Amino acid sequence: MLAATSLLALVASGQEPGTPGGGGLALLATKALVAELDGRQVVDQAVVLVAEGVIEDVGPRSELEIPEGYAVHDLGSYWIMPGLVDLHTHVSGSGINDTVYQINSGLRVAPTAQPANPRLELALAAGVTTVLYIPGSGSNMGGQGILMKTGFAEYERALVRDPGSLKIAQGDNPTRWGYGMGRLLMNHHLRKVIEQGLAYAQAWDAFEAGTGQKPERALRLDIFRELAAHRTQVSTHTQYFQLVMMSILMLSRDYDLDVYIDHGSFDSYLNTDIALENNVAAILGPREVMWPSPPRYRTDGQVHGSAWGFQQQGHTMIGFNTDAPVVPLEELPLQAAMGTRYGMDNSAMQAVRGLTIVPATVAGIDHRVGSLERGKDADLVILSGDPADPRTSIEQVYLEGESVYDTAQDRRRW
Amino acid sequence: MHIQTNKKTGSLRAAALFLPLAMGLVAPTVAQEDEDPADEWFVLQGGDVYTGTGAVLRGASVLSKNGKIAEIGYDLYIPEEAEILDVAGYRVYPGLVAIESRGLFGGSSDLANSVDPFSKNMVLALSAGVTTARSGSEVAKLRAGHIDGLVLTSGVLPGLSYSKSNPSGKRTLRQKFEAAVRYLEAYAQWEIDKKSDKDLKEPSDKGVDSSILRYVRGEARPVFSASTRTDLLEIARLAQRFGFRPIINGCQEGWIVADELGRAGASAIITARDRSTKSEQLVRTGGSSIENAAILHRAGVSVTIIPGSAGISLGGIVGRDLMHLTVEAGFAVRGGLSEKAALDGITIEPARLLGVEARVGSIEVGKDADMIVTDGDILHYQTFVQWAVVSGEVVYDKEAELFFAHIRPRPEGSLSPEERVDAGETADEEIEEDSDDSDPPEESGEEAGDEGDGDSRP
Amino acid sequence: MLIPLLLAWTPTPVPQAIPDLPDLYALKASVLETGTGEVIEHAVLLVEGGKVITVGEDLVVERGIPIYELEPNQVVMPGLVNAYTRVGVTGSGPSGVQPWMHASDELYPAAGEYAKAREAGVTTLGHYPSGNGIPGRSVVVRPKGASADAMTLKDDAYLKIIMSSSKSAKGSLSGGFKNADSWLEKEAKNKEKWDKAKEKFDEEDDEEKKKKLDPGPYKPIKEDPKAASFMELRDGSLTALISVRTAGDYLHLIDAIGEEKFSWDLRVVMTRDMNIYHVIEKVADSGRRVVLEPEISLHPGTMRQRNLPAEFARAGTPLVLVPRNDSVSGFEAWRRHVGEIVASGLERSVAIRAITMEPAALLGVGDRVGSLEAGKDANILILSGDPLEPGTQVDAVILEGALVSGEVNL
């Protein structure tokens with residue numbers, strides 16, 4: 001097997017080292033931002049070993065030996081970090097929203113995906129390598145999103161997971177659907193369909209366990225089999241305190257679905273306690289600042305960062321999203337920068353983790369992306385410094401060991 | 001608190017300051033002048049002064065007299081009644097200049113009579129370091145709490161339209177320029193000829209557009225809003241043909257025709273993050289580029305930076321409005337612009353375009369004492385303006401306003417090194433100016449450091 | 001049809017005509033607020049011919065003078081003075097500069113609101129003219145009388161000026177004075193011309209020629225009511241009450257006034273989160289009165305309460321408090337609202353003064369009303385208790401010596 005691989009590498013000239021079929025690759029960097037969830041954060045004078053499209057090892061040059069035959073790229077003073085993950089985007093295809101019905105649990109964005117479109121190319125140049133492409137927020141339950149990589153042109157290769165999430169919008173947008181559509185009816189709808197869906201999933205489970213009859217197939221409820229089995233999550237368009245409260249209480253506490261606050265905004269941090277109780281992560285952006293506007297939104301004259309608020313009350317699973325195209329995908333790192341500017345403590349690399357391992361973990365794809373850990377996809381970003389700093393330039397991006405963007409060859413896109 | 005008057009602190013400080021004077025070590029330039037008791041003195045003491053002229057004076061002081069900078073340096077003579085703000089450990093920069101702004105002054109036009117000097121937006125703009133801004137055709141200082149001494153000039157940035165979408169307008173404009181040039185030529189000839197023929201009639205300027213005449217004479221610079229390569233090229237040619245220096249607002253495809261714009265002596269007002277995609281019908285390069293500012297600057301085009309939104313946005317999306325002018329400058333750095341040029345792009349360059357560079361835009365003796373004091377590198381996203389000084393008076397204090405006082409509260413006394421915002425930066429990591437920088441440092445000496453600090457990158 | 005109705009009609013008591021008080025009488029009260037900030041216990045107040053003759057502690061009253069001994073709980077204070085109201089007047093005015101206009105032209109003596117005002121204890125009202133800009137002069141009235149003349153205490157009280165941060169508002173004020181200057185200049189030239197002509201005439205000896213040169217009696221140039229008003233401001237015969245909303249407006253006002261010297265007071269239009277606090281010290285230094293509503297406002301962007309009347313008073317500004325709502329019910333709630341801001345920090349004596357003596361002084365009738373002092377109009381309120389306590393009722397109102405509401409017993 002080994003011999004065959006080497007032979008192939010010789011034959012297929014031009015095969016990149018580190019990619020499947022290529023030889024190993026060793027990247028030497030001044031700093032490697034490992035970004036583990038609860039572990040190693042930074043390795044100075046690091047080497048990252050890549051083979052077969054995955055990360056083989058990461059460690060200090062003084063400790064880690066580079067296997068023979070590996071192509072060695074010395075990145076000089078550059079840093080290396082895992083590709084960024086954005087869990088709230090609408091720009092990976094043409095399916096922004098279908099608002100004929102409020103509840104569209106059966107709709108899938110997958111058929112509308114346009115891999116490697118110009119917006120994704122820009123995102124890639126900003127180091128964003130994995131995105132959750134979801135329906136818009138114009139209907140209560142928008143449908144099923146997909147998790148995909150930004151830099152691959154073939155859909156099959158770009159796809160990370162379908163369904164990537166069930167998109168639920170609890171913001172004000174679905175109230176535009178028509179007369180009489182308010183929070184009451186929206187939440188009633190949601191409960192009704194979730195209960196139907198969970199019963200449907202149970203019926204299938206029973207059937208598969210041989211204890212029940214075969215249920216009739218319902219396309220619009222299939223997603224609940226995935227949710228019930230915790231193979232996918234609910235991503236919520238939710239923003240203010242009240243909406244986020246309902247997202248947590250209804251979806252997590254009442255129905256035990258895997259849910260994360262997506263598009264968390266403004267004073268959503270007032271829910272930190274129940275978010276912690278229900279193990280719900282806070283993915284924030286792009287409206288991540290609460291301006292003083294009493295009497296309803298009381299900050300005592302202060303400008304409150306949503307990330308600051310969650311962190312103040314002890315939350316650690318804080319991530320960032322863009323809601324592209326509301327804010328361009330390439331400004332994902334800026335969301336973390338602004339979270340930091342407006343009060344989030346960044347002394348333990350919270351900004352970096354909020355762009356990588358936190359969103360990867362809450363989307364259940366941390367076995368593949370989100371940190372520089374052994375066995376994960378070699379989605380690597382080579383950059384000139386602090387990833388949150390707008391001044392930092394991104395020089396090269398690897399996707400599964402393959403160099404997909406390189407300013408040494410391509411025009412700098414971002 | 002930090003602000004104290006010399007009087008209250010007793011004689012010790014005064015004695016210490018007089019000592020070198022008595023020993024004849026310091027030339028007492030200010031002391032020699034007659035002191036008027038009505039004079040207002042203000043000192044920013046002991047900060048790292050980034051003058052904006054290329055020099056950095058570490059631990060230096062800036063003395064302001066009646067709102068103007070009287071002296072910059074070390075061991076300054078400080079009058080008894082001076083108000084002193086101890087900024088040791090902090091950085092001092094020139095106040096930022098916004099080439100465009102909306103809603104900062106309360107009033108919309110005739111600012112001297114309509115400004116709201118207590119408006120929330122003025123405080124917020126000051127918190128972002130902006131001390132001078134254009135509003136409509138007026139340029140005014142953000143002198144919070146005052147309605148006098150505000151307006152620096154008016155009638156700035158006259159706009160001209162020249163776009164491929166309006167061919168007849170283009171023709172009319174060209175004809176106006178031709179008429180102006182013909183008139184100037186005739187006038188020059190008349191000046192020669194009248195020496196021999198005293199009765200020769202002076203050529204008439206009837207029908208000559210007076211503002212166009214000013215552009216051709218170099219007395220004013222017209223502003224074009226243009227972004228496509230075609231329009232930019234035509235403006236560059238028009239400028240070279242008629243001998244004026246255009247200011248181009250937008251300039252998104254400027255990077256493609258940077259050399260032409262450089263030769264035309266153009267200045268560009270750009271948003272580093274501007275996005276426009278290339279038309280798919282075009283084969284050639286097109287669209288926006290993050291490198292726009294850097295490429296234009298290298299080609300000799302002076303670059304002024306403004307964010308996409310020139311107002312104060314309270315909608316919760318942060319990082320894209322005038323409150324984040326430095327963030328926009330940061331994106332220009334991302335595209336390769338030097339940090340010095342990026343800072344110039346939000347200080348002295350806009351001041352020049354607005355014709356107020358003699359008053360604001362850098363920290364120099366004789367200029368207005370408009371400065372900001374920060375807890376770190378002004379281009380770093382985490383840096384906060386701690387104090388803003390306009391006309392030698394503190395008009396913004398982060399801790400005195402409610403907005404941001406709770407975010408990384410300022411420690412009492414001087415800032416210790418670990419409290420500064422200097423991500424990835426230490427003093428000895430500072431690098432030399434980019435060689436492409438067209439503005440060589442004007443001051444040098446032992447104290448003069450380098451302003452182009454930040455992340456060192458190959 | 002009428003008969004059964006009439007039969008069914010049960011007579012409701014017809015309001016008793018308010019009995020007249022004698023010309024000369026004394027009031028004895030356990031507590032009397034003079035309106036100047038002073039409180040007299042065991043007070044005796046002597047009234048004759050509608051005026052206060054004397055007031056003091058435990059004064060001996062001559063035999064034969066009727067004495068009205070009040071209940072121990074009752075408190076006497078001067079009638080309330082509302083310096084800024086349009087309750088009772090009608091009309092609407094344009095905006096512009098017309099300082100020669102009079103709010104007295106808008107009076108409606110029969111208005112039912114005046115009776116209500118009396119019952120609420122308001123015995124003096126300063127009516128401002130309707131309109132924006134500089135719409136005219138206010139009139140001071142007593143809420144009683146069948147004609148404008150019978151009501152009017154003083155016409156040509158303060159000139160109402162609305163100031164804002166705008167060129168037009170500032171120009172209305174500064175331009176008014178400039179206009180007066182140019183009128184004076186023209187008039188001086190006119191006089192000079194006449195003087196010269198007169199001189200020539202006087203010097204001429206030839207009778208025939210002299211006839212031709214006769215300039216006649218001096219005729220000044222046409223009067224300009226606008227210029228005249230601003231000259232009145234300058235010479236002190238007219239004062240101004242200038243309204244602002246924001247701290248910025250105040251700075252623009254000072255800018256518009258420039259070097260001009262005239263007597264003016266300030267009215268601050270209250271909003272929920274106003275920023276006038278920025279200039280409280282400046283206003284105090286100017287020594288002007290400030291007209292405000294007894295209201296707690298909020299510090300901008302917060303729920304932090306600010307008692308701006310108290311802040312102004314603490315800085316040394318003479319305070320005039322007017323009802324929160326310019327309506328009869330506003331009048332009725334007025335004392336209670338003043339009590340609220342006293343409870344949250346305004347000094348009590350300042351508060352009493354701010355609804356009696358200070359507004360009287362602002363209106364230029366401080367020599368007649370606003371306090372219970374010898375020689376002043378006997379405008380007296382008899383209250384069921386502390387004037388600033390929520391439950392306190394107006395038991396009786398005496399206007400210029402005569403009972404106009406409620407009753408007093410011998």
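Lettering of chains follows the sequences in order, A, B, ..., and the numbering in each one begins at 1. Computed from a prediction, not measured in an experiment: that's the story for all the values here. Below, each value reflects all heavy atoms present in this structure, side chains not excepted, and no hydrogens, waters or symmetry copies.
Here the side chains of A/Asp300 and B/His406 are not in contact, with every heavy-atom distance at 4.5 Å or above. A heavy-atom distance below 4.5 Å is not found between the side chains of A/Arg341 and B/Val318.
Highest contact tally toward chain A, considering only B/Ile317, B/Thr285, B/Thr277, B/Ile290, is held by B/Ile317 [criterion: heavy-atom pairs under 4.5 Å]. Contacts with chain B were tallied for A/Arg413, A/Glu330, A/Gln335; A/Glu330 has the most, counting heavy-atom pairs under 4.5 Å. Ranked by heavy-atom pairs shorter than 4.5 Å toward chain B, the options A/Val289, A/Thr299, A/Ile394 are led by A/Val289.
A donor-acceptor pair under 3.5 Å links the side-chain atoms of A/Arg287 to the main chain of B/Gly315, judged by distance alone. No donor-acceptor distance shorter than 3.5 angstrom exists from the side chain of A/Arg391 to the backbone of B/Ala329, with no hydrogens or angles considered.
Looking at B/Thr326, neither its backbone nor its side chain comes within 4.5 Å of chain A, counting heavy atoms on both sides. Contacts between A/Ser265 and chain B at a heavy-atom distance below 4.5 Å are absent for every atom of the residue. For chain A, the nearby parts of B/Leu402 are the backbone and the side chain; heavy atoms of each come within less than 4.5 Å. Residue contact with chain B, scored on non-hydrogen atoms closer than 4.5 Å, involves the backbone and the side chain of A/Trp414 alike.
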>> For a side-chain contact (heavy atoms from CB on, under 4.5 Å) check, start with the C-alpha distance between A/Asp386 and B/His380, then their side-chain angles and the critical distance, and finish with the verdict.
In response: CA-CA 10 Å; A/Asp386 175 8; B/His380 192 277; 4.1 Å; yes
>> With side-chain contact (heavy atoms from CB on, under 4.5 Å) as the criterion, how do B/Glu291 and A/Arg411 come out once you've worked through the C-alpha distance, each side chain's angles and the decisive distance to 0.1 Å?
In response: CA-CA 9 Å; B/Glu291 296 178 298; A/Arg411 179 165 80 76; 4.2 Å; yes
>> A/Leu334 vs B/Arg273, test: side-chain contact (heavy atoms from CB on, under 4.5 Å). Steps then yes/no.
In response: CA-CA 12 Å; A/Leu334 183 65; B/Arg273 270 177 285 177; 3.4 Å; yes
> Could you go step by step and tell me if B/Arg334 and A/Asp389 meet the side-chain contact (heavy atoms from CB on, under 4.5 Å) rule?
Replying inline: CA-CA 9 Å; B/Arg334 178 190 200 97; A/Asp389 195 326; over 6 Å; no
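Contact between A/Arg412 and B/Ser289 at its shortest, heavy atoms only, is O-OG, 4.4 Å. Pairing each heavy atom of A/Leu122 with each of B/Arg275, the nearest pair is CD1-NH2, 3.4 Å. Taking both residues in full, the closest heavy atoms of A/Pro390 and B/Val327 are given as CG-CG1, 4.0 Å, listed atom of the first, atom of the second, then distance. When all heavy atoms of B/Tyr381 and A/Ala388 are compared, the pair lying nearest together is OH-CB, 3.6 Å.
Using bins of under 30°, 30° to 60° and over 60° for the plane-to-plane angle, the ring pair A/Tyr342/B/Phe404 lands in the tilted bin.
In this view, A/Gln350 and A/Gln311, A/Met344, A/Asp345, A/Asn346, A/Ala348, A/Arg353 satisfy the side-chain contact (heavy atoms from CB on, under 4.5 Å) rule, not counting sequence neighbours.
In this structure, CE in A/Met338 is found 10.0 Å from CD in B/Gln382, a value given to the nearest 0.5 Å. To the nearest 0.5 Å, the span separating CD1 on B/Ile312 from CH2 on A/Trp291 amounts to 7.5 Å.
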